[in-house]
Amino acid sequence: MCGFIGILRNKPVEMNANQLNEFENQNNIITHRGPDDEGYYHDDYVSFGFRRLSIIDIESGQQPLSYDDDKIWLIFNGEIYNYVELREDLLKEGYTFATESDTEVIAALFSKHKEDAFQYLRGMFSIIIWDKEKETLYGARDPFGIKPLFYKESNQGTIFASEKKSITLMMEDEEVDYTALQHYLSFQFVPEPLTMTKGIKKMEPGHYFVTKPGEELKFTRYWHATFNPVLMEKQDWIKRIQDVMYDSVNVHMRSDVPVGSFLSGGIDSTIIVAMAKKFNPNIKTFSVGFEREGFSEVDVAKETAEKLDVENISYIISPEEYVEKLPKIMWHMDDPLADPSCVPLYFLAREARKHVTVVLSGEGSDELFGGYNIYREPESLRMFNSIPTPAKSLLARVADAIPEGVRGKSFLERGTTPLRNRYIGNAKMFEDVEKQELLKTYDKNVFYQQVTEKLFDEVQDYPLVNQMQYVDIHTWMRGDILLKADRMTMANSLELRVPFLDKNVFEVASQIPVDMKIANGTTKSILRQASRGIIPDHVLDRKKLGFPVPIRHWLKNELNGWAKQLIQESQTDHLLHKDYVIRLLDAHCQGKGDYSRKIWTVLMFMLWHQINIENKFDVNALSKPDSVIEKVTQ
C-alpha cells in the first residue's frame, strides 16, 4: 500500500535541483500513505515518486520498479490478491522474477499483455506504467474505484497523483469548479471524473489510459458492472455466496503484518469478522460510537465480539473532538464530502492503527447484494404501474400542489416520476429550486441527470432495483463510501481491504435475481440467509443503522455556535447566499424540519474552502499524525 506522484512531460527535460526538490515535496506531502519507504525515478520524459506502507516484506516491493532490463518502469498503489497464481502461470511461460512482489507480477503481466493486462488483476489498484522503449505511458484504476488516481493535463505535460494535494501543491492558485460545486450540492460529494478544483480530474474506475509525450490521454473502459440473473435453488445460492465470500476473505488476509477488522452492529462487518476468524482465530476488531443514546453500535459490537469469541477495542467520540478533527479530516479528504460518518471512520482507523497495519471492512455489500432500504421502493410503488398515463399526470399535479412536509406528497411524487428522472443515488441533498436560492453561481444548464442519465441508458432494460444498484455502484459507492474509506484509513497509515468488492464476489452477486435480494420484507435477503449460522442472530435481525452521527441534535446544541461562526467567517460570499444558510439553520433549530444534512453539506464546503482556497489553516499541522490544528495568524 502506498501513494505516488508521476509526471509525463511533453518535451524532454533534465530536471534541475529546484525542480527535483519541488517534486520530492509533492511526494512527501502524502507521507501518511507510505511512511515506511520512498523512491524516485527520473528520465527525460518521466518522473516518478513513491511512498510505501510496508505490508509484505519491504525488500520485495520497492518502487518505482523496473522490469525487462529497465524497459518498463512502474508505480503502483494497492494490492493484487491473485498475484501468486498469476506469477505461477507466468513462470511456466518463461517469465523471470527478481522479487516475490505483486508489483513485479503486474510488470511481467504487462510485458505479456500490454493494456489487456489490467483485466486479469483481482484486487484494488491505481497503476502508472512507463514503456521507456516505446515512449508510451499507461495507467489503470481498479474496477470499483477502491484506490484513487488524480490527473491534470497542461501545456507542459500531465501530472498524476494518489491524492489531489500533490497536484495542488504546485499550482499558484486553486480555483473552485462551479459545475463540480453545483453537483456536490446534489450528491453530497463531487461525482467523478470532476473534482472541486478546476483543471484537476479523477480517473474513473474500470478504465485504463494510453498516452505519449505531447498527446492527450485516451481512456478505454475495460470493466463495468453488469447484472445477469440466473435461476437457481435457494440452497445453491447460499452455498455459492458462502464459498465465494470465504475465498475472498482468505485472499484479502494475505499479509506479513497484523490484520484486524472493523466491527459495527451490522451484518456486513460481522460476516467479514466471522469468516476471518476461521483463518485467524486471534483477529482483533475495532468499533466506535457516540455517547448519545441511539447513535452508538459499540454495545452491539461488543456483544457480537463476545459471541464470536474475538477481541473488541472500542472508542467513544465526544462532540468537541469530533469538530476539533474536522479541518484535519477535510484536508485529508481532498474534496468536500458531506457524509458525517467520515469522522467516526477517522477515529476508528486511528484506534485500529495502534494495534494493526491492515484492516478488513464491509464496504460494497449493500450495493452488490441490495442492502439499502430505498431498494424496496419499486415494490412499495408497484400500484402506480397499473395507473394510466393521464391519471398519473393528474396525480403528479396534485402532488405538486401539496405543501412541503405534508404526508403523502413524497409518495405521490415518487410514484408519478420515472426512476431515471428522480434517482441520483443513495442520498440527494438539494433540489434544483433550492440550489437556485443558495448558489450565486447557479447555472440552469447544469443538472444532476447529466451525471446519471448515461448510467440509466446503459441499464434501461434491467429491473428497477438493478438500475438503482448500477447507479449507486457508479456514483455513491465510489464518490462517498470508498472515498471516505480510503482517505480516513490512509490518514492514519492504515491499509483497508474490502472483501465484498472483489471481482469474484461481484460475479456471484450480479447473477442473483432481484426477488432473492429484496424479499421477506427486508433487504439483502439471500445474503442474510447465507449468513445464518455464521453470525449471531441478534445481528441478522437488527434494523440497519450504518454509521449514525447525531448531527441533527448537535447543530441545535453543541455545534450550533461553531456552525454560525463558520458561516460568518467563510469567504464564500461570492459563491453562496449566506442568508439562505442561516435561515435553514434557524428553521432547523426551531424544529420546523430536519435540515441537518443540507446544512452540513454547505458547512463542509465552507470548511474545504477555508483550507484549500483561503489557506486559513497550517498545512504542516494538518498533515501531522493526530496533531493539534491551529489557524494561521493572519
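- Looking at Ser186 and Lys435, their side chains do bring a donor and an acceptor atom within 3.5 Å of each other.
- Using a 4.5 Å cut-off on side-chain heavy atoms (C-beta onward), Met196 and Tyr184 make contact.
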Starting from the C-alpha separation in whole Å, work towards a yes-or-no answer on side-chain hydrogen bond (donor to acceptor under 3.5 Å, both in side chains) for Tyr470 and Glu458.
CA-CA 9 Å; Tyr470 189 85; Glu458 290 171 349; 2.5 Å; yes

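- Nearest approach of Ser269 to Ser264, heavy atoms of both residues: OG-N, 3.0 Å.
- In Gln568, the CD atom is not crowded: 12 or fewer heavy atoms of neighbouring residues, nucleotides or ligands sit closer than 6.0 Å.
- Using a 4.5 Å heavy-atom cutoff, the side chains of Arg487 and Ile329 are not in contact.
- No side-chain donor from either of Asn228 and Tyr462 sits under 3.5 Å from a side-chain acceptor of the other.
- Looking at every heavy atom in both residues, Ser361 comes nearest to Leu496 through CB-CD1, 3.5 Å.
- In this structure, a donor-acceptor pair under 3.5 Å is absent between the side chains of Tyr375 and Gln469.
- Residues Asn466 and Lys517 come closest through the heavy atom pair ND2-NZ, 4.2 Å.
- Residues Thr304 and Val300 meet the side-chain proximity criterion, which asks for heavy atoms closer than 4.5 Å.
- In this structure, a donor-acceptor pair under 3.5 Å is absent between the side chains of Thr285 and Ser261.
- Here salt bridge (Lys or Arg N to Asp or Glu O under 4.0 Å) pairs that include residues 596-613, with residues two or more places apart or in two chains, are Glu434-Lys598.
- When Trp562, Tyr322, Trp600 are each tested for a ring-ring contact (aromatic ring centres under 6.0 Å, His included) with Trp554, only one passes: Tyr322.
- Residues Tyr315 and Arg350 bring a donor and an acceptor atom of their side chains to less than 3.5 Å of each other.
- Donor-acceptor pairing under 3.5 Å is lacking for the side chains of Gln449 and Glu453.
- More than 12 heavy atoms of other residues, nucleotides or ligands sit less than 6.0 Å from atom CD of Gln590.
- Listed by chain and residue number, Asn560, Leu585, Asp586 satisfy the side chain to side chain contact (heavy atoms under 4.5 Å, CB included) test with Lys564 (two or more places apart in sequence, or in another chain).
- Qualifying ring pair (Phe, Tyr, Trp, His ring centres under 6.0 Å) partners for Tyr448, counting only residues two or more places apart in sequence or in other chains: none.
- Of the N and O atoms on the side chains of Asn520 and Thr522, not one donor lies less than 3.5 Å from an acceptor on the other residue.
- Taking a 6.0 Å sphere around NZ of Lys428, one finds it holds more than 12 heavy atoms contributed by other residues, nucleotides or ligands.
- Annotation for Gly415 and Lys392: closest pair O-CE, 4.3 Å, computed over non-hydrogen atoms.
- Proximity of Leu419 to Phe456: side-chain heavy atoms (C-beta onward) are separated by under 4.5 Å at one or more points.
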Quick one, Glu569 with Gln610, criterion side-chain contact (heavy atoms from CB on, under 4.5 Å). Give me CA distance, side-chain angles, the key distance, then yes/no.
CA-CA 9 Å; Glu569 292 183 354; Gln610 283 191 337; 4.0 Å; yes

Stepwise, does the side-chain hydrogen bond (donor to acceptor under 3.5 Å, both in side chains) test hold for Lys484 with Ser341?
CA-CA 8 Å; Lys484 67 187 181 188; Ser341 67; 2.6 Å; yes

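- Judged purely by distance below 3.5 Å, without hydrogens or angles, the side chains of Arg240 and Gln511 pair a donor atom with an acceptor atom.
- When all heavy atoms of Ile611 and Met330 are compared, the closest pair comes out as CD1-CB, 3.7 Å.
- Ring pair Phe506/Trp223 is perpendicular by interplanar angle, where above 60° counts as perpendicular and below 30° as parallel.
- Using cut-offs of 30° and 60° on the angle between ring planes, the pair Phe189 and Phe187 is tilted.
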Can you check side-chain hydrogen bond (donor to acceptor under 3.5 Å, both in side chains) on Gln571 and His609, steps first, answer last?
CA-CA 8 Å; Gln571 297 174 20; His609 194 273; over 6 Å; no

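- A heavy-atom distance below 4.5 Å is found between the side chains of Thr489 and Phe262.
- Other residues, nucleotides and ligands contribute only 12 or fewer heavy atoms inside 6.0 Å of the NZ atom of Lys234.
- In this pair, Tyr372 and Trp476 present their aromatic rings perpendicular. The plane angle is above 60°, beyond the 30 to 60° band.
- Taking the side chain as every heavy atom from C-beta outward, His183 and Val190 never approach each other to under 4.5 Å.
- One side chain, Gln529 or Ser525, offers a donor N or O that lies under 3.5 Å from an acceptor on the other.
- Under the 3.5 Å distance criterion, with hydrogens and angles disregarded, a donor-acceptor pair is assigned to the side chains of Thr197 and Lys164.
- For the pair Leu263/Phe286, no side-chain contact is recorded, criterion being any heavy-atom separation below 4.5 Å from C-beta on.
- Geometrically, Arg414 does not engage Phe384 in a cation-pi contact defined by less than 6.0 Å to the ring centre and at most 45° from the axis.
- Residues Tyr178 and Leu439 are not in side-chain contact: their nearest non-hydrogen atoms beyond the backbone lie 4.5 Å or more apart.
- Applying the 6.0 Å contact sphere to NZ of Lys198 captures no more than 12 heavy atoms from other residues, nucleotides or ligands.
- Of the N and O atoms on the side chains of Asp334 and Thr195, not one donor lies less than 3.5 Å from an acceptor on the other residue.
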